[in-house]
Novice: 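Have a look at this one.
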Protein chains: 2
Amino acid sequence: MTSKQEFIEKLRNSSLRPTKQRINICEILFNRDKTFHFTINDLFNLIKDKTGEKVSLATVYNTVHAFHKKGYLKEIPINSNQTYFDTNVTDHHHFFDVKEEKLIDLKNEHVGPIEIQKSIPGKKIKSVEVLVKLED
Amino acid sequence: MTSKQEFIEKLRNSSLRPTKQRINICEILFNRDKTFHFTINDLFNLIKDKTGEKVSLATVYNTVHAFHKKGYLKEIPINSNQTYFDTNVTDHHHFFDVKEEKLIDLKNEHVGPIEIQKSIPGKKIKSVEVLVKLED
DNA sequence: TTCCTTGTTTATAATTATTCTAAAGAAGAT
DNA sequence: ATCTTCTTTAGAATAATTATAAACAAGGAA
Ligand SMILES: [Mn+2]
Ligand SMILES: [Mn+2]
Ligand SMILES: [Zn+2]
Ligand SMILES: [Zn+2]
């Protein structure tokens, strides 16, 4: 449980002005036990439902990208019509339930270390992600 | 090197009528030594350039999805504004050069077997794909 | 406080990838 | 040749995302 005051400080420390909208979004995204996977639209609807206040869709996009740029959110590479984000910014892998369109964290120990035995000259590895698609 | 006649037969055997457009697309996609990674727009432009004939964008979409449904193309899960397809339909992994927006095949032996040590009740694994993002 | 600067929110328009529609055309069967 | 079914096509529709620009709010200085 993080207090509103802590979010305000975190925002300030990130040179993001602590607006009402951003604080609301912080509380929805980061006051959780478990990691949260969402699309912009999920979040947009959650804000209305949980706070009663509406935040414009543009602001949701702006804020999510601001948090993403600061490293507070991770973008998940799946083929979908919508982009998925994740509050768990550590390196980790995913199940994707194709039917439910839901992401599930896969702990690294459930996948094991992955060694890439090939390299591309002039390039270095930025991330290694496993996506396990699930069907019924 | 596959002849036009062989593409015609392959299309017929797939209950796809061998139209001029589909044959052209087959020749561009499948008359290659190496695996080919592309977006719809890449392909659309290639057809014009290589055959001199234009195929409507709708037909390119239709054909790619028809081939995809028949299992002749694979869809690659990356976060991008465009969907990527692959003429290599076997299970395999990828590098994605973020700067060049280019996919590179990773052979299975360059990654090694991946064992998923977790299961979700009522679901079974459909695919396991590794995406290695590259930066400079 | 008040003023000023800069960052933020917002409604709305623009952009872009993809899908849909419906009419014209081509393929295959009879 | 005729008929049916499938395919192509231009263009419209949809949907996610980004851009625009005016109103607004935060923070700092006076
Ligand atoms: Mn996750
Ligand atoms: Mn490939
Ligand atoms: Zn982002
Ligand atoms: Zn498809």
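Chain letters run A, B, ... following the sequence lines, proteins first and then strands; every chain starts at 1.
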Novice: Reckon B/Asn62 touches a base, only the sugar-phosphate, or nothing at all at heavy-atom distances under 4.0 Å?
Specialist: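 Base: the residue B/Asn62, judged by heavy atoms under 4.0 Å, touches a nucleobase.
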
Novice: Regarding B/Glu129 and B/Lys74, does a basic nitrogen lie under 4.0 Å from an acidic carboxylate oxygen?
Specialist: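 Counted as a salt bridge, because a side-chain N and a carboxylate O are separated by less than 4.0 Å.
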
Novice: Using a 4.0 Å heavy-atom cut-off across all strands, classify B/Thr39 as base, sugar-phosphate, or nothing.
Specialist: nothing

Novice: Taking atom NZ of B/Lys118 as the centre, report whether more than 12 heavy atoms of other residues, nucleotides or ligands fall under 6.0 Å from it.
Specialist: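 Yes, enclosed.
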
Novice: Just the rounded figure in Å: distance from C1' of D/dA26 to CD1 of A/Ile8.
Specialist: 12 Å

Novice: Round to the nearest Å and state the distance from A/Gln82 atom CD to D/dT14 atom P.
Specialist: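 Between P of D/dT14 and CD of A/Gln82: 17 Å.
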
Novice: Looking at every strand, decide which applies to A/Thr59 at a 4.0 Å heavy-atom threshold: base, sugar-phosphate, or nothing.
Specialist: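 A/Thr59: base contact, heavy atoms under 4.0 Å.
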
Novice: Using a cut-off of less than 4.0 Å, is there contact between a side-chain N or O of A/His65 and OP1 or OP2 of D/dT17?
Specialist: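 No, because none of the side-chain N or O atoms of A/His65 sits under 4.0 Å from OP1 or OP2 of D/dT17.
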
Novice: May I ask you to decide whether A/Lys124 forms a salt bridge with B/Asp136, counting only side-chain N to carboxylate O separations under 4.0 Å?
Specialist: no

Novice: Quick check for you: among C/dT9, D/dT17, C/dT10, whose closest atom lies nearest to any side-chain atom of A/Thr83?
Specialist: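 In terms of side-chain proximity for A/Thr83, the closest of C/dT9, D/dT17, C/dT10 is D/dT17.
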
Novice: Ignoring hydrogens and geometry beyond distance, is the side chain of B/Arg17 in donor-acceptor contact with the base of D/dT5 at under 3.5 Å?
Specialist: yes

Novice: D/dT17 P sits how many Å from A/Asn41 CG, rounded?
Specialist: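 Nearest whole value for this atom pair: 9 Å.
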
Novice: Is it true that, when you exclude B/Glu109 itself, more than 12 heavy atoms of the residues, nucleotides or ligands shown sit nearer than 6.0 Å to its CD?
Specialist: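 Enclosed.
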
Novice: B/Asn79 CG to D/dA16 P: how many Å, rounded?
Specialist: 15 Å

Novice: Expressed in angstrom and rounded to an integer, what is the separation of B/Leu43 atom CG from C/dA17 atom C1'?
Specialist: 15 Å

Novice: Phosphate oxygens OP1/OP2 of D/dT8: is one of them under 4.0 Å from a side-chain N or O of B/Thr19?
Specialist: yes

Novice: Between the side chains of A/Asn88 and A/Thr90, does any donor sit under 3.5 Å from an acceptor?
Specialist: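 Looking only at side-chain atoms, A/Thr90 and A/Asn88 do form a donor-acceptor pair, the distance falling under 3.5 Å.
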
Novice: Atom CD1 of A/Ile40 to atom C1' of D/dA16: distance rounded to whole Å?
Specialist: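 Those two atoms, CD1 and C1', are 10 Å apart.
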
Novice: Heavy atoms from C-beta onward define the side chain here; which of D/dG11, D/dT8, C/dT10 lies closest to that of B/Ala58?
Specialist: D/dG11

Novice: When the distance from CZ of A/Arg22 to C1' of C/dT8 is rounded to whole Å, what number comes out?
Specialist: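 Whole-Å distance recorded here is 6 Å.
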
Novice: If each of B/Pro18 and A/Ser15 is mapped to the nucleotide of DNA chain C with the nearest heavy atom, which maps nearer the 5' terminus, i.e. the 5' end?
Specialist: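 It is A/Ser15 whose nearest nucleotide is closer to the 5' end.
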
Novice: Expressed as a whole number of angstroms, how long is the span from A/Tyr61:OH to C/dT16:C1'?
Specialist: 12 Å

Novice: Can you identify which nucleotide, out of C/dT10, D/dT17, D/dT7, has its nearest atom closest to the A/Leu57 side chain?
Specialist: D/dT17

Novice: Taking only N and O in the side chain of A/Arg12, is any of them less than 4.0 Å away from OP1 or OP2 of D/dG27?
Specialist: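 So the side chain of A/Arg12 is within the cut-off, an N or O lying under 4.0 Å from OP1 or OP2 of D/dG27.
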
Novice: Under 4.0 Å from OP1 or OP2 of D/dT9: is there any side-chain N or O of B/Gln21 that close?
Specialist: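 Result: yes.
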
